[in-house]
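Only a predicted model underlies this, so the values are computations on that prediction, with no experimental measurement involved. Hydrogens, waters and symmetry mates are skipped; everything else that's a heavy atom, side chains included, is used.
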Amino acid sequence: HSLATSVHCQRPVEEVEALMEELSRYHHPMAIALCHYYFSKGSLREKAKGMKISHVHYKHLVDLAHQWLIGRLSRTKY
């Protein structure tokens with residue numbers, strides 16, 4: 001990867017980090033569920049068990065987090 005590619009990619013990474021911090025302040029369990037969804041190994045049931053919640057509740061939190069991100073990103077102008 002060239003330096004230009006790395007610099008170009010840095011902005012979206014920073015924006016994602018900022019959005020995750022905002023989500024965490026808004027609804028911490030949704031942020032935790034989303035982090036587990038993308039960065040933990042295992043099935044939805046295993047990830048839910050790791051959070052000590054039902055898999056239905058876990059899936060609901062992930063779905064809500066996705067909807068929150070969609071709404072938040074739709075307000076952001078690039």
Student: Give the C-alpha distance, both sets of side-chain angles, the deciding distance and a yes or no for side-chain contact (heavy atoms from CB on, under 4.5 Å) between I53 and L61.
Tutor: CA-CA 10 Å; I53 59 176; L61 288 174; 3.8 Å; yes

Student: Please walk me through it: do K59 and D63 pass side-chain contact (heavy atoms from CB on, under 4.5 Å)?
Tutor: CA-CA 6 Å; K59 174 93 172 70; D63 290 344; 3.0 Å; yes

Student: For E22, give me all partners under side chain to side chain contact (heavy atoms under 4.5 Å, CB included), at least two apart in sequence or on another chain.
Tutor: L19, R25, W68, R72, R75

Student: I'd like a table of donor-acceptor pairs (distance under 3.5 Å, sequence neighbours excluded) in which one partner is a side-chain atom from residues 29-40, with atom names and distances.
Tutor:
| unit_1 | atom_1 | unit_2 | atom_2 | d |
| --- | --- | --- | --- | --- |
| H36 | ND1 | S40 | OG | 3.0 |
| Y38 | OH | H66 | NE2 | 3.0 |

Student: Got a second to check how far H57's NE2 is from H60's NE2, nearest 0.5 Å?
Tutor: 6.5 Å

Student: Using the rule that Ile, Leu, Val, Met, Phe, Trp and Tyr join whenever any side-chain heavy atoms are under 4.5 Å apart, tell me whether Y58 and V56 fall into a single cluster.
Tutor: no

Student: So how far is it from L64 CG to H27 NE2, rounded to the nearest 0.5 Å?
Tutor: 7.5 Å

